[in-house]
Every structure is written in structure tokens, then in C-alpha cells.
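Please read the structure below before turning to the comments.
Counting starts at 1 for both ligands and their atoms, following the listed order.
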Amino acid sequence: MPESIQEFAARVVAAQSATGRLPLDPAGMPAWDAFPFEATELRVKTLAPLEEEKPRMGVGGPGCPCRGDGAGGWPILWTNEHWQIKVAPPSGSPVILILEPRQHGDLDTLSVERAGEFGVLTVALVRAVESLPSVGRCHVSRWGDGAEHAHVWFIARPLGMTQLRGTYMAIWDDLLPPVPVDVRDDNADAALAHLRETLGT
Ligand SMILES: [Zn+2]
């Protein structure tokens, strides 16, 4: 039988020290090249107790940008009958694109047909972002803790900056100086041109 969340939480709590913190091995994660911070004085935050999941933006549709509600006004660069691609504001990454279905719903509610299209678009977008001369890797990330409407992130990792590899790229993205907006736009335009060529549209 799969473990319950109460059993999971109890095991995590039991691993905490007398001060209520998980241990941080200085020879472990802080010693990784990709870890963005020096570990002096660094310690793990105390964990909050289990709580009700927080409501996400746009649950059921009302309040979601797809219904014309709320903010979420990131520019839409590409669209077809069922999908759209947005570009994120300038950040440390050369460019970040977001793939979304046009119809409201989360990733787990996609029909078989939409799921197939999602796979094709994901592969094409990875190729498109990785075609940029400043990009070494395109990370594909779906978190979805903030908003219900399915949105998948395509995060470009700068070429040769192998220290930024893996999941820490999402943190380095907030630490590197934001790329100028014209650089982001040129990168996004080139990636979308590559995507159109791949899809033949
Ligand atoms: Zn929506």
C-alpha cells in the first residue's frame, strides 16, 4: 500500500534535529558546483506542518487569463487552434517560453489528442530553444502550484555555463542579471522561427 502523507511527514519530522531543522551536510549539496550560495551560516528553514493545499489561481476557469480575467498578460508569440506559446519577462535565462493549451484545464485533464500534440510541441520547442547560439540546454518544467491552467516552462540554460546545470538553473535565473528586452525578443523570435520551420506552419 502506498505510504500516506502523514507517514511521509512523520518520517521527515523525525529526521529533524532538536532545533526542528533538517541537517545540512556541508560536504553534500552546498559543495555542488551548481549550488548558487556559499554555505557559511546557511541552515535549513524549519518545515511548516501539513496544511490544506492553497487554492490556485483560476480554479475551474473563473479568474483565469484564458477567460479574460486576472493578470497573466505575458505576450503570446505563437498560437494554433489548441495551443499557445508565451514569453516570460526578461530574466537571467537567455529566454523562457511557456506552452499552454488554449482551453482551460490542468495537464492531467488533457485529452489523448491534446496530449499527443503536447508531446510533438514539447520536442519541437526544445529543439527550437536549443538552436539558439547562446543556449546549452532547454529545461522543461511543469510545477503548477500557483495557477490551475496548464503551463509548461521551457527554460534556456546559457551555453558553457555548466555550473548552472540542472534544477538550480531555475534559481540562477533569479540571480543572473536580466537579459535586455531586445535580446530576449531576438532569442524568442529566432526560436519561434525554428519552431514554425519544424512544424511546417
Ligand atoms: Zn485557464
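With F8 as the aromatic partner, R11 meets the cation-pi criteria of under 6.0 angstrom to the ring centre and within 45 degrees of the ring axis.
Each of H149, H151, R56 was scored for a side chain to side chain donor-acceptor pair (under 3.5 Å) with D106, with one residue passing: R56.
Looking at H104 and E148, their side chains do bring a donor and an acceptor atom within 3.5 Å of each other.
Legend: residues meeting side-chain contact (heavy atoms from CB on, under 4.5 Å) with E52, ordered by chain and number and at least two apart, are absent. Annotation: side-chain contact (heavy atoms from CB on, under 4.5 Å) contacts of E7 (sequence neighbours excluded): E3, S4. For R21, there are no side chain to side chain donor-acceptor pair (under 3.5 Å) partners at least two apart in sequence or on another chain.
Of all protein N/O/S atoms, those under 2.8 Å from the Zn ion (ligand 1) are C64 SG, C66 SG, H104 ND1, H149 ND1, and waters are not counted.
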